[in-house]
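Counting convention: from 1, in listed order, for ligands and their atoms alike. Heavy atoms only: backbone and side chains are in, while hydrogens, waters and symmetry mates are out.
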Amino acid sequence: MNVAVLLKVKGRAVATARSDTLLQDIAAQLAERRIGAIVIFDEPNGVVGIVSERDLVKAIARRGEGVMKLPASEVMTRDVVTCSETSTIDELMEIMTKGRFRHLPVIENGSLVGIISIGDVVKHHIAEVEMEVSAMRDYLSTG
Ligand code: AMP
């Protein structure tokens, strides 16, 4: 199972914002869309960072709530780890576990084509396990 299949189910929409977007507007977007991270995207460079709810909490704890009036570029993670449509779900789980983050933008031929969150991975994993259990039950009941 790979990312292309996951994207077919969840869609390819990605929440993005420019690096000069104020953190208070990033927070508003996260709350409104009920998501945990926004990909920071500047023309013509493309993906230049990512801001997750964790970055906002850290910034407020360290610098006070005034930090919310600063732009995303102040707190974003610049070295964004990405995956491709051919990445497998097992690979995503390993990358997220090792990197200790929960979001992976999907890049194909240099373009941002989707994002996978840990929630998407877990949802898929549960569905797969349920299918296996059901197949096993069928096998045992017909055996
Ligand atoms: P998260 O667990 O996704 O909320 O993010 C935890 C930390 O990792 C935050 O500092 C994020 O900016 C950062 N982060 C999230 N996703 C990625 C990613 N794909 N590549 C690099 N850093 C990331």
Please confirm whether [X] comes within less than 3.5 Å of ligand 1 when only nitrogen or oxygen atoms on both sides are compared.
X      : answer
Arg102 : yes
Val80  : no
Thr77  : yes

Suppose we measure from atom 5 (O) of ligand 1 to each protein heavy atom; which comes out shortest, and what is that distance?
Ser52 OG, 3.3 Å
Of the protein's non-hydrogen atoms, which lies at the shortest distance from atom 15 (C) of ligand 1, and what is that distance?
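For atom 15 (C) of ligand 1, the nearest protein heavy atom comes out as Phe101 CB, 3.4 Å.
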Contact check, side chains of [X] and [Y], non-hydrogen atoms, under 4.5 Å:
X      : Y      : value
Leu70  : Val75  : no
Phe101 : Ile118 : no
Leu30  : Leu56  : yes

Quick check: are there more than 12 heavy atoms from other residues, nucleotides or ligands sitting under 6.0 Å from CZ of Arg12?
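Yes, CZ of Arg12 has more than 12 neighbouring heavy atoms, counting only those of other groups under 6.0 Å.
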What do the steps show when you test Leu7 against Ile116 for side chain to side chain contact (heavy atoms under 4.5 Å, CB included), and what is the final call?
CA-CA 8 Å; Leu7 287 183; Ile116 304 292; 3.8 Å; yes
Which one holds for [X] and ligand 1: side chain close, backbone close, both close, or neither close, with close meaning a heavy atom under 4.0 Å?
X     : value
Thr82 : neither
Ala37 : neither
Ile50 : both

Atom CD1 of Ile50 and atom CG of Asp55: how far apart are they, to the nearest 0.5 Å?
8.5 Å
Sequence neighbours excluded, every pair satisfying side-chain hydrogen bond (donor to acceptor under 3.5 Å, both in side chains) that has a member inside residues 95-115:
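Found Glu94-Lys98.
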Applying side-chain hydrogen bond (donor to acceptor under 3.5 Å, both in side chains), which residue pairs with at least one partner in residues 117-128 are found, sequence neighbours left out?
Lys10-Asp120, Ser117-Asp120, His124-Glu128
Enumerated ligand 1 atoms positioned under 4.0 Å from heavy atoms of [X]:
X      : answer
Pro105 : 19 (N)
Asp55  : 9 (C), 10 (O), 11 (C), 12 (O)
Val81  : 18 (C), 19 (N), 20 (N), 21 (C)

Ser117: heavy atom below 4.0 Å from ligand 1, yes or no?
no
Judged by non-hydrogen atoms, does His103 sit under 4.0 Å from ligand 1?
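Yes, His103 has heavy atoms under 4.0 Å from ligand 1.
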For Asn2 and Val5, indicate whether the former's side chain and the latter's backbone hold a donor-acceptor pair under 3.5 Å.
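Side chain of Asn2 to backbone of Val5: a pair is present.
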Who's closest to atom 21 (C) of ligand 1 heavy-atom-wise, of Val57, Ile118, Asp79, Ile95?
Asp79
